[in-house]
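Since the structure comes first, as structure tokens, the remarks are kept for the end.
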Amino acid sequence: MIKAFEKSLKLLKVAELNFKNNFYSDSINRSYYAVFHAANALLIKKGIFTKTHVGTIRKFGLEYIVNDNFSKEIGKFFTNLEKDREKADYDYSYEVTENKAKKDLNNAKKFVKECERFL
């Protein structure tokens with residue numbers, strides 16, 4: 001298995017633990033990184049290496065959503081999670097709720113599961 005995907009699976013577990021312990025900002029952060037590493041695993045499978053988060057999102061969209069039949073609905077979770085992660089990490093006025101963290105965690109799980117189909 002591609003190491004990036006193994007890392008993704010571990011981060012999903014950490015996101016779940018953070019959620020269960022009421023660390024909602026950290027859960028969102030780990031949920032995003034689980035998705036980020038799952039997406040990178042699929043890009044690596046095609047020999048594609050990116051240097052930035054934006055580059056990963058763009059390349060993933062082109063290679064898998066546009067050209068390779070990855071679910072568009074699930075694919076949107078990547079950009080949404082990135083925005084939520086940035087707010088949770090850097091916007092001190094952003095209120096991270098249990099519901100938001102749960103939604104992001106569930107979306108991350110769906111995204112990673114969808115990635116498994118392409119490995």
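Computed from a predicted structure; not experimentally measured. Heads up: numbering here begins at 1 and tracks the sequence.
Side-chain heavy atoms closer than 4.5 Å link hydrophobic residues (I, L, V, M, F, W, Y) into clusters, and following such links, even through other members, never connects Phe77 to Val14. Linking Ile, Leu, Val, Met, Phe, Trp and Tyr whenever their side-chain heavy atoms come within less than 4.5 Å puts Leu12 and Leu119 in one cluster.
Using a 4.0 Å cut-off between a side-chain N of Lys or Arg and a carboxylate O of Asp or Glu, Glu86 and Lys83 do not qualify as a salt bridge.
Judged as a salt bridge (charged side-chain N to carboxylate O under 4.0 Å, His left out), the pairs with a partner in residues 8-33 (not counting sequence neighbours) are, in order, Glu16-Lys109. A salt bridge (charged side-chain N to carboxylate O under 4.0 Å, His left out) check over residues 92-102, counting only residues at least two apart or in different chains, returns the pairs Asp84-Lys100, Lys100-Asp104. Here ring-ring contact (aromatic ring centres under 6.0 Å, His included) pairs that include residues 82-119, with residues two or more places apart or in two chains, are Phe60-Phe111, Tyr64-Phe118, Phe70-Phe111, Phe70-Phe118, Phe78-Phe111.
Listed by chain and number, the residues in a side chain to side chain contact (heavy atoms under 4.5 Å, CB included) with Lys76 are Asn80 (sequence neighbours excluded). For Glu82, the side-chain hydrogen bond (donor to acceptor under 3.5 Å, both in side chains) criterion is met by no residue, not counting sequence neighbours. By the side-chain hydrogen bond (donor to acceptor under 3.5 Å, both in side chains) test, Thr56 is found to be paired with Thr50, residues two or more places apart in sequence or in another chain being considered. Residues satisfying the side-chain hydrogen bond (donor to acceptor under 3.5 Å, both in side chains) test with Ser93, not counting sequence neighbours, are Asp91. Checked against salt bridge (charged side-chain N to carboxylate O under 4.0 Å, His left out), Lys45 has no partners two or more places apart in sequence or in another chain. In this structure, Asn67 has no side-chain hydrogen bond (donor to acceptor under 3.5 Å, both in side chains) partners at least two apart in sequence or on a different chain.
The shortest side-chain heavy-atom distance between Leu9 and Glu6 does not fall under the 4.5 Å cut-off.
Listed here is the closest heavy atom pair of Ile28 and Ala88: CG2-CB, 4.3 Å. Contact record, Val112 with Ser8: CG2-OG, 3.4 Å, taken as the closest heavy-atom pair. Residues Asn69 and Arg117 approach most closely at O-NH2, 3.6 Å, considering heavy atoms. Nearest heavy atoms, Ile44 versus Phe49: CG1-CE2, 3.7 Å.
Put simply, CD on Glu114 and CD1 on Ile65 are 9.5 Å apart, with the number rounded to the nearest 0.5 Å.
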Side-chain donor-acceptor contacts of residues 32-43 below 3.5 Å, not counting sequence neighbours, with atom names and distances?
| from | atom 1 | to | atom 2 | distance (Å) |
| --- | --- | --- | --- | --- |
| Tyr32 | OH | His53 | ND1 | 2.6 |
| Asn40 | ND2 | Phe36 | O | 3.3 |

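When atom types are taken as modelled, the side chain of Ser27 and the backbone of Asn18 share no donor-acceptor pair closer than 3.5 angstrom. Proximity of a side-chain donor or acceptor of Glu63 to a complementary backbone N or O of Asp68 within less than 3.5 Å is not detected. Side-chain N or O atoms of Asn29 include none that pairs as donor or acceptor with a backbone N or O of Ser25 at under 3.5 Å.
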Under the criterion side chain to side chain contact (heavy atoms under 4.5 Å, CB included), I'd like the reasoning laid out for Ser31 against Leu81: C-alpha separation, chi angles, the key distance, then a yes or no. CA-CA 8 Å; Ser31 293; Leu81 275 161; 4.2 Å; yes
